[in-house]
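Fair warning: this is a prediction, and the values are worked out from it, not measured in the lab.
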Amino acid sequence: MTATQEPPVHATGVPGGRFTSGDLTLLRLLVDQVVGDDTTVLSEADLIDQIRQIESLQSSLAALQATRIRAFAQAHVENRLTDDRADADGLHRSVVAQVQLACRVSTAEARTRVANARDLYAGFGRVRDLHIAGELSAAKVSAIAVECRDLDARRRRQVDARLAVHDLTRYGIGRLRAMTRRLVAEIAPERFRARVHAAKAERRVTLRPAPDAMSYLTAYVPVEQGAACLAALQKAVVEVQIDPQPLTRTRGQVLADTLVERVTGQATATAVDLEVQVTVPIQALLDPQSPLPAEIPGLGPVPADLLATPEGTKSLRRLLTDHGIVIGGDSRQRTFTGLLATLVRARAENRCTEPYCDAPVRHLDHIHRDADGGRTELDNGRGVCDFHNHVREQPGWQVFRAPDGIVVTVTPTGHRYCGPEPPLPTAPPPRAPT
């Protein structure tokens with residue numbers, strides 16, 4: 001791929017006289033030109049060469065994007081320091097939120113990109129050069145930067161110099177992360193020790209959806225506690241293996257069942273006392289043969305018949321839906337509480353409704369502010385994470401519901417981002433005649 005063809009004069013954003021360094025339209029034109037090329041004329045070796053070139057280009061573009069993120073963050077802060085309502089935390093939150101929307105990524109990923117863009121110009125000269133040259137991917141650079149996040153620029157330069165004696169292009173992400181962590185422990189032992197103590201305060205348990213009506217239950221605990229838990233579960237596997245009863249479960253199944261039994265205190269993993277909020281299509285109740293599944297908000301669909309089990313004392317808080325739409329009401333209260341709060345959360349599927357954010361719902365927000373006369377009703381409510389509930393309070397942010405029902409976010413730069421589309425009416429497939 002060579003950049004020998006001049007872009008057309010009429011191309012949007014391309015000046016007629018010359019191609020400026022700040023205009024990226026030429027790259028888009030080149031991609032559009034080569035994406036449809038006939039690859040049958042290329043040998044396998046040629047294709048591999050191009051794959052490598054594209055990967056290198058992606059790394060260089062990520063480095064270029066980091067320079068723009070850093071420049072935007074600096075400009076955004078400098079232009080608003082004179083505002084009496086501005087504060088450092090709020091401005092940083094506004095920067096992260098706008099990068100998140102522009103890049104179409106999660107808040108956590110945007111926060112990482114902003115931090116990496118800052119740190120790359122605060123001590124990581126050699127790593128940055130490799131990134132710009134396309135020799136280190138954004139993921140590898142991020143692995144290095146995260147391990148050095150709490151170091152000052154002087155110590156980052158020391159880590160950067162120690163890393164430079166190795167051919168970093170030959171290392172995977174795991175090895176780069178481990179190597180950097182060891183260097184941090186040597187160069188800044190007191191910081192490393194403080195990080196270990198601080199990390200224990202962040203211990204937690206999280207639940208994420210998995211395919212096929214499954215989930216990932218993750219515990220973030222100190223390494224010695226994690227090892228002790230696994231050893232206890234492995235001991236249970238040995239006890240099952242020496243039991244005279246026939247072995248009907250795999251090792252993994254025994255580990256998982258034992259974990260559930262010991263955490264919940266139940267006799268068997270399937271007999272669990274719980275209360276789960278489930279949205280159930282009304283068609284599934286009226287027609288036992290309906291293929292429409294129920295759904296646990298935030299975790300995904302599950303066959304409706306699997307919810308009816310004789311084991312345990314499952315308590316299912318069922319919310320009826322019609323073609324995917326949760327039916328609700330309104331309230332004269334200032335805050336969303338009770339059934340109305342449950343309906344707002346269920347409609348959001350317990351995920352933040354800001355574009356590209358899948359964080360759990362932590363706040364129920366008025367789309368049209370309560371202070372501006374907005375009513376506490378289902379149509380005016382939305383579920384958002386803690387981050388996005390606070391970022392809209394920064395100057396220049398607006399949120400409103402468009403006539404088609406989609407919630408629109410307007411950022412201080414005037415860019416508009418549409419939230420997830422409301423569910424569309426869907427009908428179950430016709431059954432074969434009997």
Please test Arg249 against Asp257 for side chain to side chain contact (heavy atoms under 4.5 Å, CB included), starting from the C-alpha separation and ending with a verdict.
-> CA-CA 10 Å; Arg249 295 177 293 170; Asp257 292 347; 2.9 Å; yes
Under 3.5 Å, is there a donor-acceptor pair between the side chain of Arg345 and the main chain of Gly383?
-> no
Got Arg118 and Arg70 here, is their nearest side-chain heavy-atom distance under 4.5 Å?
-> no
So, for Phe336 and Asp365, which heavy atoms are closest and what is the spacing to 0.1 Å?
-> CE1-O, 3.9 Å
Distance-only, no hydrogens or angles: does the Arg401 side chain make a donor-acceptor pair with backbone N or O of Asn380 under 3.5 Å?
-> no
Distance col, row Leu101:CG vs His388:NE2, nearest 0.5 angstrom, shows 5.5 Å
Looking at Arg156 and Cys148, what are the two nearest heavy atoms and their distance?
-> NE-O, 3.4 Å
Residues Val410, Val399; criterion side chain to side chain contact (heavy atoms under 4.5 Å, CB included); working and verdict | CA-CA 6 Å; Val410 184; Val399 177; over 6 Å; no
Sidechain-backbone polar pair: Ser142 side chain, Ala138 backbone, donor-acceptor under 3.5 Å = no
Asp119 (side chain) donor-acceptor with Ala122 (main chain) under 3.5 angstrom | no
Hey, is Asp370 close enough to Arg375 for a salt bridge, meaning N to O under 4.0 Å?
-> no
Taking the side chain as every heavy atom from C-beta outward, state whether Thr353 and Val384 have any pair of such atoms under 4.5 Å apart.
-> yes
Between Asp243 (side chain) and Val240 (backbone), is there a donor-acceptor pair under 3.5 Å?
-> no
List for me each residue that meets ring-ring contact (aromatic ring centres under 6.0 Å, His included) alongside Tyr417, sequence neighbours excluded, and say none if there are none.
-> none
Measure from NZ or CZ of Arg204 to the centre of the six-membered ring of Tyr220 and say whether it is under 6.0 Å with the direction within 45° of the ring axis.
-> yes
Report the distance from atom CG of Leu42 to atom CD1 of Ile48, rounding to the nearest 0.5 Å.
-> 12.0 Å
Do any N or O atoms from the side chain of Thr258 and from the backbone of Val254 form a donor-acceptor pair under 3.5 angstrom?
-> yes
Using only heavy-atom distances, determine whether the side chains of His76 and Arg80 contain a donor-acceptor pair under 3.5 Å.
-> yes
Arg347 and Gly381 have their tightest heavy-atom pair at NH2-O, 2.5 Å
Heavy-atom donor-acceptor pair, Asp37 side chain to Thr39 backbone, under 3.5 Å | no
Residue pair Ser59 / Ser137, side-chain heavy-atom distance below 4.5 Å = yes
In short, Pro355 meets Gln100 closest at the heavy-atom pair O-NE2, 2.6 Å
So, do Lys140 and Leu168 sit near enough that their side-chain heavy atoms are less than 4.5 Å apart?
-> no
Do you know which two heavy atoms are closest between Val408 and Arg416, and how far apart they sit?
-> CG1-CB, 4.1 Å
Can you list the steps and then say if His390 with Asp386 is a side chain to side chain contact (heavy atoms under 4.5 Å, CB included)?
-> CA-CA 6 Å; His390 288 97; Asp386 180 82; 3.1 Å; yes
Out of His366, Glu354, His363, which residue meets the side-chain hydrogen bond (donor to acceptor under 3.5 Å, both in side chains) rule with Arg382?
-> Glu354
NZ/NE/NH1/NH2 to OD/OE distance under 4.0 Å, Glu147 and Arg195 = yes
Please assess Gln98 against Ser94 for the test side chain to side chain donor-acceptor pair (under 3.5 Å), listing each intermediate value before the final yes or no.
-> CA-CA 6 Å; Gln98 292 181 77; Ser94 182; 3.2 Å; yes
Neighbour count >12 (heavy atoms, 6.0 Å) for atom CD, Glu224 | yes
What distance separates His368 NE2 from Glu377 CD, expressed to the nearest 0.5 Å?
-> 10.0 Å
Side chains of Arg113 and Gln65: is there a donor and an acceptor less than 3.5 Å apart?
-> yes
With side chains defined as the heavy atoms from C-beta onward, is the minimum distance between Phe387 and Val96 less than 4.5 Å?
-> yes
Can any side-chain N or O of Ser60 pair as donor or acceptor with the backbone N or O of Ile132 at less than 3.5 Å?
-> yes
Kindly compute the distance separating CG (Leu230) from CG (Leu255), expressed to the nearest 0.5 Å.
-> 7.0 Å
Roughly how far, to the nearest 0.5 Å, is the CG atom of Asp150 from the CZ atom of Phe192?
-> 10.5 Å
Are any of the side-chain heavy atoms of Arg28 and Asp32 separated by less than 4.5 Å?
-> yes
Working to the nearest 0.5 Å, report the span between CZ of Arg162 and NE2 of His166.
-> 7.5 Å
Please test Thr112 against Arg149 for side chain to side chain contact (heavy atoms under 4.5 Å, CB included), starting from the C-alpha separation and ending with a verdict.
-> CA-CA 10 Å; Thr112 298; Arg149 189 70 82 216; 4.2 Å; yes
Taking the side chain as every heavy atom from C-beta outward, state whether Leu61 and Leu24 have any atom pair closer than 4.5 Å.
-> no
Phe124 six-ring face occupied by Arg157 cation (under 6.0 Å, within 45°) = no
So does Arg369 pair up with Glu393, basic N to acidic O under 4.0 Å?
-> yes
Can you name the ring-ring contact (aromatic ring centres under 6.0 Å, His included) partners of His92, sequence neighbours left out?
-> none
Heavy atoms only: give me the nearest Leu364-Ala341 pair and the separation to one decimal.
-> CD1-CB, 3.4 Å
Check whether any side-chain heavy atom of Leu163 lies under 4.5 Å from a side-chain heavy atom of Leu183, and answer yes or no.
-> yes
With distance as the sole test, does Gln253 use its side chain to make a donor-acceptor pair with the main-chain N or O of Thr250 at under 3.5 Å?
-> yes
Quick one: do Glu186 and Arg182 make a salt bridge, cutoff under 4.0 Å?
-> no
